[in-house]
Structures are given as C-alpha cells and as structure tokens.
Amino acid sequence: MLLVGRKGGPEERLVPAEGFELATVKIRGLDRDAVWKNVALPALIPLALRAGLRIVDRFKPDVVLGMGGYVMAPAVAAARMRGIPYVLHEKDVRPGLATRIFAARAAAICTTLPGTERRLPGRRVELTGVPLRDGFAQRTPDVPPRRLLVTGGSQGARNLNQAVWSALDDLCSRFEEVVHVAGAQGADGVAQHARPRYRGMAFTDEMADLMSRADLLVSRAGVGTIAEATAVGLPMILVPGTFGGGHQEENAAAMVEAGAAVRLGDAGLTGAGLVASIAALDDERLRAMAAASAAAGRRDAAKRVLAILHEVARR
C-alpha cells in the first residue's frame with residue numbers, strides 16, 4: 001500500500017511514523033474564502049498531475065482510493081488517465097469539488113452521512129461511514145449528563161470558545177466536569193479560565209478517551225467529529241462553521257434530521273444561548289438523541305470501504 005499526500009503537510013510526519021510508505025505532491029486547493037490566493041493554481045496543477053502520473057506509473061496500483069479534497073486529485077486523475085479503477089470517499093453531505101470532478105468515472109463513491117447520494121444521481125454510492133482510529137466504542141451516556149465535552153476542531157471556534165467561557169459558572173454548576181478542547185486560538189484562554197470542574201486544553205490526541213467519558217457533546221459539525229460521536233452514541237449540540245461555503249450546515253442538518261443532534265447558529269452565539277440549549281434537553285430527549293446517534297454510527301466503516309476496494313480490484 002502507498003499513501004499519497006501533500007508536500008509539506010502533517011502526513012510527512014504522521015504516515016512514516018505509523019510504518020507506511022508515503023509519496024507527496026506539491027498541491028493546494030481552491031480557496032473560496034480568499035480568492036486571491038488562487039493565483040498560482042494554473043501553474044501548480046499541471047506540475048501536480050505530472051507528479052501523480054509518476055507515482056502511479058512507479059507503484060502500478062490495482063485500485064486507487066481518493067479520500068476527498070484537493071490532495072487526492074493528482075493520483076486520482078493519473079489513475080483515470082491510465083485506466084486504473086478508482087473509488088472515492090466523500091466525507092461531507094455536500095460533495096466537494098474534487099469529488100464532483102471525478103465522480104462520473106468512479107467505480108464507487110463511499111459516503112459518511114445520509115443525503116450525499118441525492119447529490120450524486122446515477123452513481124454507485126455506498127453509505128460506509130468514515131474509517132476511525134481504534135477506541136471509539138459504543139456506550140450509553142449518563143442521563144442527566146454528568147460530563148460535557150466541547151470541541152471546536154484543531155483550529156478552534158472563536159465564538160464557541162467565548163460562549164463557553166462566558167457561561168463557565170453555569171456550566172460548572174450543571175456538570176461534574178466540563179472538558180473543553182479550544183484549538184490553537186484558545187490556548188491562552190483555557191489557562192486564564194482554569195478552575196475546578198473545568199479542564200481546558202488547546203489540543204488532544206485522546207479524543208477517543210474523552211468521548212468514552214462524555215455524556216453530551218457540543219462541537220462544530222465537521223464530519224470527523226460527527227463520525228466519532230456517533231460511533232460512541234453521544235447526543236450532540238452542533239454549531240456549524242460558516243467557512244468553506246457553509247458545508248457544515250448540511251452535515252448538521254443530516255444529524256438533526258436523524259434525531260441525534262440539535263443545531264445552534266455560530267452567528268450571535270452566546271453563553272446564555274448555549275446554556276439555554278442544554279437546559280432545553282430533558283431526559284427523554286437526551287435518551288432519544290443518544291439512541292439515534294448510535295444508530296447513525298458506522299463502527300465498521302474501515303471494513304466496509306475495504307470490501308468495496310477488494311471487489312473493484314478483483315473486477
């Protein structure tokens with residue numbers, strides 16, 4: 001197996017450390033929020049495609065798996081040019097640009113959340129879930145919830161962080177423990193707000209452990225966090241990010257429709273609003289949300305994706 005990643009990305013450190021072979025390509029994605037950053041793309045894309053062709057010609061894969069996003073484009077494009085079958089994995093409900101470009105000739109498209117199949121009519125779409133690290137095991141959260149977990153992703157979520165800190169007295173009186181993963185931008189704030197019952201941190205590599213002890217999750221609506229939470233069976237309060245064309249709104253909507261989550265808007269988010277949303281969840285609602293979350297979880301996602309890859313390679 002060969003993994004292909006972005007030159008200069010964290011995969012240069014993480015992949016070899018896990019014992020896998022890595023090839024890298026110099027590539028960057030289309031920036032919809034700051035379009036001036038796209039000036040170099042016309043020169044970069046042909047170079048990335050040539051690098052992808054060199055990698056594919058050298059490795060000679062039986063099948064290529066594109067895990068979504070711009071990083072997959074050089075290798076998937078090279079596979080298509082060489083007549084090698086490829087499978088795509090789309091994490092968000094709304095398919096990204098790279099998925100839309102390559103969907104027509106994909107042998108299959110694996111998805112994470114319900115609703116993506118409606119965006120890709122006429123294609124073979126399989127709801128597999130997203131492969132997760134070990135440790136995300138289903139459990140029954142305590143009701144009423146005793147431990148609150150708040151996370152805004154690796155970069156943090158400024159409005160969510162401020163809402164938590166402004167409501168910290170109420171939250172710490174309501175919960176035995178409030179665990180807050182505040183991201184890079186919240187590193188100073190977690191130290192300034194240190195107090196009993198509040199455990200703040202900028203980063204963690206132990207999300208599986210934190211979720212194994214949490215009873216309620218407040219988070220962005222990134223698909224990785226949703227996949228982890230549903231694997232455990234946690235009820236969720238989701239605060240979708242407004243970046244990237246607002247794709248997280250549709251992720252949150254899928255979980256609200258499933259009955260596993262409630263949505264809070266990022267604009268105008270306040271500590272009082274956060275506390276009110278938590279208080280509105282009675283015991284019966286929380287149990288129903290936890291059951292819906294567990295039903296939406298795909299704990300065997302890696303096996304599902306692998307089975308499709310084996311089938312495509314044999315065919």
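Here, residue 1 is the first one in the sequence, and each next residue gets the next number.
For the residue pair Thr116 and Glu90, no side-chain donor N or O sits within less than 3.5 Å of a side-chain acceptor on the partner.
Aromatic ring orientation, Trp165 versus His193: parallel (interplanar angle below 30°, classes split at 30° and 60°).
The salt bridge (Lys or Arg N to Asp or Glu O under 4.0 Å) search around Arg119 returns Glu250, not counting sequence neighbours. Listed by chain and residue number, Arg124 satisfy the side chain to side chain donor-acceptor pair (under 3.5 Å) test with Glu126 (two or more places apart in sequence, or in another chain). Taking Glu176 as the reference, Arg146 meet the side chain to side chain donor-acceptor pair (under 3.5 Å) condition, with sequence neighbours excluded.
Ionic pairing of Asp282 and Arg287 is not present here: no N-O contact between side-chain nitrogen and carboxylate oxygen is shorter than 4.0 angstrom. No salt bridge links Arg133 with Glu18; every basic N to acidic carboxylate O contact stays at or beyond 4.0 Å.
Of the options Asp170, Asp169, Thr270, a side-chain contact (heavy atoms from CB on, under 4.5 Å) to Val275 is made by Asp170 and by none of the others.
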Fill in: Trace of the side-chain contact (heavy atoms from CB on, under 4.5 Å) decision for Leu217 with Met211
CA-CA 8 Å; Leu217 173 70; Met211 287 194 178; 4.2 Å; yes
Practice prompt. Could you walk me through whether Arg213 and Asp142 pass salt bridge (charged side-chain N to carboxylate O under 4.0 Å, His left out), step by step?
Written response: CA-CA 9 Å; Arg213 293 183 284 112; Asp142 287 342; over 6 Å; no
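Between Thr128 and Lys303 there is no side-chain heavy-atom pair separated by less than 4.5 Å.
Residue Leu171 holds its CG atom at 13.0 Å from CD of Glu177, rounded to the nearest 0.5 Å.
Of all heavy-atom pairs spanning Val218 and Leu160, the tightest one is CG1-CD1, 3.8 Å. Summarising the geometry of Ala227 relative to Thr230, their closest heavy-atom pair is O-OG1, 3.1 Å, with the distance given to 0.1 Å.
Ser293 contributes no side-chain N or O that, together with a main-chain N or O of Met289, makes up a donor-acceptor pair within less than 3.5 Å. Side-chain atoms of Arg197 come within 3.5 Å of backbone N or O of Cys172 as a donor-acceptor pair. With Arg299 contributing its side chain and Phe136 its backbone, the two residues share no donor-acceptor pair below 3.5 Å.
In this structure, Leu274 is a member of the same hydrophobic cluster as Val150, with clusters built from ILVMFWY side-chain heavy atoms closer than 4.5 Å.
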